[in-house]
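Keep in mind that the numbers below use all heavy atoms, side chains included, and drop hydrogens, waters and symmetry copies.
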Number of protein chains: 2
Amino acid sequence: MPRKLAYRNLPQLFLKAREELLCHFRPIITHFGLTEQQWRILRTLSEMEQLEPREICDHCHILSPSLTGVLSRMEEMGLVTRSRVPEDQRRVIVRLTPKSEKLVGELGPLIVAQYKIIEQAFGPELIKQLYEVMDKVIAAERGPISRIALPPKKDWSAIEA
Amino acid sequence: MPRKLAYRNLPQLFLKAREELLCHFRPIITHFGLTEQQWRILRTLSEMEQLEPREICDHCHILSPSLTGVLSRMEEMGLVTRSRVPEDQRRVIVRLTPKSEKLVGELGPLIVAQYKIIEQAFGPELIKQLYEVMDKVIAAERGPISRIALPPKKDWSAIEA
DNA sequence: GTTGACTGCTTAATATGTTAGTGATTATAT
DNA sequence: ATATAATCACTAACATATTAAGCAGTCAAC
């Protein structure tokens, strides 16, 4: 007896909508030999001058273990530099290189141009609505939302039938 | 000279908003030893009875190469069965098992309960707006949106400085 | 009935997501 | 001062994302 849940899968809708947007930018980014995450970092660094890894994690929504690898590869490619903070040997400062600044200088305008095209196609009101709704969702703090009680844990992977 | 682009990073906003939502469901899903993708598949199969792999890819937004591994693991766990279509040996039918149907029967109501809590916290209007805006974005077909012209390809990873 | 194009799933290779844990460093509380 | 806790980046292990390529099965034209 197949039964639909009362609510549509909202996170999945986000996924789909995001992909619908991203597919218009991905060709531009890959054209320059970058991944989506690498571009997020380059763009953020070009706006913030210098950042520490955990700040990049926050701004770019990349988890710390992933970032380690991403930064290593970007360092190899000569896109960023990593230097320790003298007064706190745990911390690291990440900066753009002249090369990556030039890259952002070329890539950025193309991204903006694509945004304009999308704005035309979607209509400026939809874009505005998008930003509004997103900001509302993000503004809803994670804390105050209560969590349902979970039943005792069963090891389903071990249950026979 | 750090300069901000004219547009905020919209796909990144989607990512953040999605995570803001998902973090309220993730504990429920992992409590049952499932991954997010596995739950997407279970939920969809429980609503559609039976599906072929490429249909699952479409519905759940999982790329075909990923799905191969996901389904293998789910088969190992006894959550789904895979059977060939006799009249077309290329195609495969994926179904839930009695075990996974029972699992969905326990998990589903918890998900719905969490949606209700979120609806209270966000306000029903915001949820409604969300569905509306998402559907609008998704409705905007990928085809008609034109693509900007890309400059000749440079191999940035090989450029010195 | 063979050839050639196509479809559907899989494999391969690399990059990232996710959770847990480690080691070194710094801050805090005795 | 010293033990403790907290912080930060990193490693490890596994799952998924992404792109490209492979391979068997089907279909259509000839």
Side-chain angles (χ1 to χ4, degrees), chain A residues 11-12 14-16 18-19 22-23 25-42 51-58 60-77 79-94 157, chain B residues 11-12 14-16 18-19 22-23 25-42 51-77 79-80 82-94 157:
Chain A
Q12 191 168 311
F14 272 76
L15 201 60
K16 188 170 182 178
R18 176 182 139 82
E19 176 57 29
L22 204 51
C23 69
F25 295 102
R26 208 192 303 277
I28 306 176
I29 295 169
T30 61
H31 179 79
F32 286 80
L34 297 176
T35 67
E36 189 200 321
Q37 293 83 347
Q38 289 172 343
W39 166 242
R40 286 213 296 273
I41 294 173
L42 287 186
L51 288 170
E52 300 182 23
R54 74 204 136 67
E55 296 176 312
I56 297 180
C57 289
D58 292 342
C60 299
H61 311 291
I62 297 174
L63 294 182
S64 182
S66 298
L67 188 64
T68 298
V70 176
L71 286 184
S72 298
R73 281 179 285 273
M74 292 179 78
E75 201 174 22
E76 292 261 337
M77 294 190 230
L79 296 177
V80 298
T81 61
R82 281 192 285 188
S83 52
R84 293 250 167 221
V85 177
E87 60 270 24
D88 189 338
Q89 287 298 313
R90 294 170 300 184
R91 293 158 60 197
V92 169
I93 299 289
V94 182
S157 65
Chain B
Q12 191 168 311
F14 271 76
L15 202 60
K16 187 171 183 179
R18 177 182 139 83
E19 176 57 29
L22 203 51
C23 69
F25 295 102
R26 207 189 304 275
I28 306 175
I29 295 170
T30 61
H31 179 80
F32 286 80
L34 296 176
T35 66
E36 189 201 322
Q37 292 83 346
Q38 288 172 344
W39 166 242
R40 286 213 297 272
I41 294 173
L42 288 186
L51 288 170
E52 301 183 24
R54 72 206 139 67
E55 296 175 313
I56 298 180
C57 289
D58 292 342
H59 283 289
C60 299
H61 310 292
I62 297 174
L63 294 183
S64 183
S66 298
L67 188 65
T68 297
V70 176
L71 285 183
S72 298
R73 282 179 285 273
M74 292 179 76
E75 199 174 24
E76 291 262 336
M77 295 189 228
L79 296 177
V80 298
R82 283 192 284 188
S83 52
R84 296 246 167 225
V85 177
E87 59 271 24
D88 189 339
Q89 288 297 313
R90 295 170 301 184
R91 291 158 61 195
V92 170
I93 299 288
V94 182
S157 66

**Message:** Using only atom types and a distance under 3.5 Å, with no angle test, would you say the side chain of Q12(A) pairs donor to acceptor with the backbone of H59(B)?
**Reply:** yes
**Asked** Between R82(B) and I93(B), is there a donor-acceptor pair closer than 3.5 Å when you use the side chain of the first and the backbone of the second?
**Response** no
Closest heavy-atom pair and its distance - [X], [Y]:
{"X": "V70(A)", "Y": "I41(A)", "answer": "CG1-CD1, 3.6 Å"}
{"X": "E52(B)", "Y": "R54(B)", "answer": "OE1-NH2, 2.6 Å"}
{"X": "L67(B)", "Y": "I62(B)", "answer": "N-CG2, 3.8 Å"}
{"X": "L63(B)", "Y": "C57(B)", "answer": "C-SG, 4.0 Å"}
{"X": "V80(A)", "Y": "L71(A)", "answer": "CG2-O, 4.1 Å"}

Give a yes/no answer on whether the side chain of [X] brings an N or O atom under 4.0 Å of OP1 or OP2 in [N].
{"X": "T35(A)", "N": "dT18(D)", "answer": "no"}
{"X": "R82(A)", "N": "dA9(D)", "answer": "no"}
{"X": "R54(B)", "N": "dT7(C)", "answer": "no"}

Quickly work out the [X] [atom1] to [N] [atom2] distance and round it to whole Å.
{"X": "K16(A)", "N": "dA17(D)", "atom1": "NZ", "atom2": "C1'", "value": "19 Å"}
{"X": "L63(A)", "N": "dG21(C)", "atom1": "CG", "atom2": "P", "value": "17 Å"}
{"X": "E52(B)", "N": "dT7(C)", "atom1": "CD", "atom2": "C1'", "value": "12 Å"}
{"X": "I29(B)", "N": "dT19(C)", "atom1": "CD1", "atom2": "P", "value": "11 Å"}
{"X": "R84(A)", "N": "dG23(C)", "atom1": "CZ", "atom2": "P", "value": "16 Å"}
{"X": "I56(A)", "N": "dT16(C)", "atom1": "CD1", "atom2": "C1'", "value": "16 Å"}
{"X": "Q37(A)", "N": "dT18(D)", "atom1": "CD", "atom2": "P", "value": "8 Å"}
{"X": "E36(B)", "N": "dT16(D)", "atom1": "CD", "atom2": "P", "value": "10 Å"}

Produce the list of close N/O pairs, under 3.5 Å, pairing protein atoms with atoms of nucleotides 24-26 of chain D; give distances to one decimal.
residue: dG25(D); atom: O3'; partner: Q89(B); partner atom: N; Å: 3.4
residue: dG25(D); atom: N2; partner: R90(B); partner atom: NH1; Å: 3.0
residue: dT26(D); atom: OP1; partner: Q89(B); partner atom: N; Å: 2.7

**Prompt:** Between L42(B) and M74(B), is any pair of side-chain heavy atoms under 4.5 Å apart?
**Reply:** yes
**Message:** Both P53(A) and T30(A) contact DNA chain D. Which one's nearest nucleotide lies toward the 5' end?
**Reply:** P53(A)
**Closest nucleotide among dT19(D), dG8(C), dG17(C) to the R40(A) side chain** = dG17(C)
**Prompt:** For R40(A) and L15(B), what are the C-alpha separation, side-chain angles and deciding distance, and is it a side chain to side chain contact (heavy atoms under 4.5 Å, CB included)?
**Reply:** CA-CA 12 Å; R40(A) 286 213 296 273; L15(B) 202 60; 3.8 Å; yes
**Message:** Please classify the nucleic acid contact of S66(B) as base, sugar-phosphate, or nothing, using heavy-atom distances under 4.0 Å.
**Reply:** base
**Message:** Counting only heavy atoms and a strict 4.0 angstrom limit, can you tell me which residues of residues 67-75 of chain B come near DNA chain C?
**Reply:** T68(B)
